Amino acid sequence: MKLIFEQMPVVFNSLNIGFLQTMRLFFVTLLGAFPLGLLICMGTMSRFKLISAYCKIHVWIIRGTPLMIQLLIIYYFPGLVLHKNIWGSGESGRFTAAAVAFILNYANYFSEIYRGGIQSIPVGQEEAGLVLGMTKPQIFFRIKLLQMIKRILPPISNEIITLVKDTSLARIIALQEIIWAGQAFLKGSQGISGAIWPLFFTAVYYLAATGLLTLGLGALEKKLEYFR
Amino acid sequence: MSILQVEHLKKTFNRTNVLKDISFSLEKGQALSIIGSSGSGKTTLLRCLNFLETPDSGIIRINGDVIFDGAQYSRLSEEEIRLRRLHFGLVFQSFNLFPQYTALENVTLAKKLLLKSQKKSGPDVLRTIDEEGRDLLRRMGLADRMYNYPHQLSGGQQQRVAIARALALSPDILCFDEPTSALDPELTGEVLRVIRSLAQQNMTMIIVTHEMAFARDVSSQVIFMDDGHIAEQGTSDEVFNHPREERTKHFLAGYNKS
């Protein structure tokens, strides 16, 4: 027990660095996937059959295969098959590849949630706007958007919380996120080896992050409860 | 000159002829009721007048000016259609209030946006619009409901807000699409009272309704539609008390029985 206390500063320093990488991947994924999801959503709802078919197949493939395979293929394919390392070397290269895989994956899930949100607004809302002489953009931004946000917030919150934990999949391409950092002390690192307790603490980081997000997103949902 | 003239309006949905050659006219300050069984084309007619559906052919004139001509429609820009539909207001069966806005905001939003897009809006203008909105809601008997959200209002109150919202843009003709059909019976009275008072103030109105007693009292003109045709039209007294067509008699008899 005394040993653990002595190891703590080293271990927490490593875990903090790992968690920073986890959070970077988390925020970059959200930043990329929110707008890309909207683009894919508009694509699947497009009047042009070719575009909508392409986007629907895209959604089917991405949602129908594990994120882990997507990560592995996106990271290794360019180097091994095309003999061209497009991701760059080291940790920054792994991060770029992971971010691309995560953004692509989450954008497709978001696009389906957006689509559900758009389609759940009664057509009467648009018609009421039209007969009052509003323009299409006014109807979207002033009338439909907030109603959509209210409706998609619960499923989006779910995805956001899942994403916190999904970032650990990037461990498979050796991204130095928090699981990687904790696991290092199992094999041996900085003079500590065979220690499992750092891994237990990685779980505490996840719980803290998801707990905070649950509170924040719940508060947002509450804020939108003023209308139905 | 008639405020509204509709000539040879036709509309087909998937090879079903919903409107078959509809022609009628309406004088300023009069209320016209359109009656008929479900599926006879009443609602489609209202939706065509409000540009929510595009007729296949026919002409619609307001004060003699052609605002719709089936032969030339495709050349109109979205902007032109948007301005032309402002001649009409429409009150929906299901109210369609905007849930995230208060009663007052529902009434004032469209006018504020309209003036903003014409670059005519300023603090004074916005204040005037709010004042007009409050006046309209007071006229609807909703003085104490202005800052409530739609879900806090009864169906009858929501429909009265919707009427105020339609009036806020001062349309030439106000259309009602079965305004009381979604209401509990005890709430229809308050909405019908408001429409009746508008008729007394000589608002030009077209009312699609199943409330026969109401249609009889409030309207000066009545159209009976059957299977996409105007089967009979005339004054309220003519259609309700002395119908000439068998179909009209049959339809009205069905109502008198129940």
Side-chain angles (χ1 to χ4, degrees), chain A residues 34 38 41-42 45-49 51-52 110 113-157 216-228, chain B residues 43 46-47 49-53 77-102 105-118 147-153 158 161-162 165-171 173-175 177 182:
Chain A
F34 279 137
L38 196 59
C41 170
M42 293 192 302
M45 292 170 69
S46 170
R47 273 176 297 155
F48 301 103
K49 286 264 155 56
I51 297 177
S52 77
F110 287 164
I113 294 176
Y114 292 157
R115 194 165 62 89
I118 290 171
Q119 288 173 345
S120 72
I121 309 284
V123 62
Q125 292 288 307
E126 168 140 7
E127 290 184 347
L130 285 175
V131 296
L132 290 166
M134 294 184 196
T135 62
K136 288 268 165 84
Q138 285 172 343
I139 291 171
F140 181 76
F141 287 107
R142 299 302 189 109
I143 296 173
K144 288 173 156 185
L145 186 61
L146 194 63
Q147 296 182 46
M148 260 176 61
I149 290 175
K150 182 184 167 78
R151 279 165 214 229
I152 66 176
L153 199 57
I156 289 276
S157 300
L217 293 165
L220 204 57
E221 263 179 59
K222 194 123 213 153
K223 233 187 149 80
L224 289 176
E225 262 173 24
Y226 76 91
F227 71 90
R228 260 175 230 154
Chain B
T43 293
L46 272 199
R47 289 172 63 84
L49 293 177
N50 283 276
F51 292 83
L52 289 176
E53 307 288 353
S77 70
E78 205 168 297
E79 181 69 14
E80 281 174 281
I81 295 172
R82 197 165 66 80
L83 293 176
R84 287 172 187 209
R85 61 159 47 108
L86 289 176
H87 289 292
F88 294 91
L90 178 60
V91 173
F92 297 88
Q93 181 177 352
S94 50
F95 331 138
N96 296 344
L97 292 182
F98 307 131
Q100 72 267 45
Y101 292 116
T102 62
E105 287 166 336
N106 263 279
V107 174
T108 57
L109 178 68
K111 190 154 190 188
K112 286 180 179 175
L113 291 176
L114 190 68
L115 291 181
K116 204 166 137 195
S117 67
Q118 296 168 345
Y147 304 103
N148 285 112
Y149 289 94
H151 76 270
Q152 298 166 324
L153 303 175
Q158 288 189 51
V161 174
R165 180 174 73 172
L167 286 170
L169 291 168
S170 332
I173 300 169
L174 185 55
C175 303
D177 184 12

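Note that the coordinates shown come from a computational prediction; the quantities given were computed from them, not determined experimentally. Basis for what follows: all heavy atoms, side chains included, without hydrogens, waters or symmetry-related copies.
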**Asked** When only pairs under 4.5 Å are counted, which of B:Leu86, B:Leu52, B:Leu90 shares the most heavy-atom pairs with chain A?
**Response** B:Leu52
**Message:** If the condition is salt bridge (Lys or Arg N to Asp or Glu O under 4.0 Å), which residues does B:Arg82 pass it with, not counting sequence neighbours?
**Reply:** B:Glu79
**Request:** Pick one of side chain, backbone, both or neither for B:Lys116, based on which atoms fall under 4.5 Å of a heavy atom in chain A.
**Result:** side chain
**Region of A:Gln138 that comes under 4.5 Å of a non-hydrogen atom in chain B** = side chain
**Message:** Heavy-atom cut-off 4.5 Å, strictly under: side chain, backbone, both or neither for B:Phe98 against chain A?
**Reply:** both
**Message:** Only heavy atoms, only distances under 4.5 angstrom. Which residues in residues 141-149 of chain A are near chain B?
**Reply:** A:Arg142, A:Ile143, A:Leu146, A:Gln147
**Asked** Heavy atoms under 4.5 Å from chain B: which residues of residues 217-228 of chain A carry them?
**Response** A:Tyr226, A:Phe227, A:Arg228
**Item:** Options B:Cys175, B:Ala110, B:Pro99, ranked by heavy-atom pairs under 4.5 Å with chain A, top entry
**Value:** B:Pro99
**Request:** Output the residues of residues 127-137 of chain A for which the shortest heavy-atom distance to chain B is under 4.5 Å, in residue-number order; output 'none' if no such residue exists.
**Result:** A:Glu127, A:Ala128, A:Gly129, A:Leu130, A:Val131, A:Leu132, A:Gly133, A:Met134, A:Thr135, A:Lys136
**Message:** Need one label for B:Arg47: side chain, backbone, both or neither, based on atoms under 4.5 Å from any heavy atom in chain A.
**Reply:** side chain
**Message:** At a 4.5 Å cut-off on heavy atoms, which part of B:Phe51 comes close to chain A: side chain, backbone, both, or neither?
**Reply:** neither
**Request:** Select one option (side chain, backbone, both, neither) describing which atoms of B:Leu97 are under 4.5 Å from chain A's heavy atoms.
**Result:** backbone
**Prompt:** Side chain, backbone, both or neither: which part of B:Leu113 has a non-hydrogen atom closer than 4.5 Å to chain A?
**Reply:** both
**Prompt:** Under a 4.5 Å heavy-atom cut-off, does chain A meet the side chain of B:Glu78, its backbone, both or neither?
**Reply:** side chain
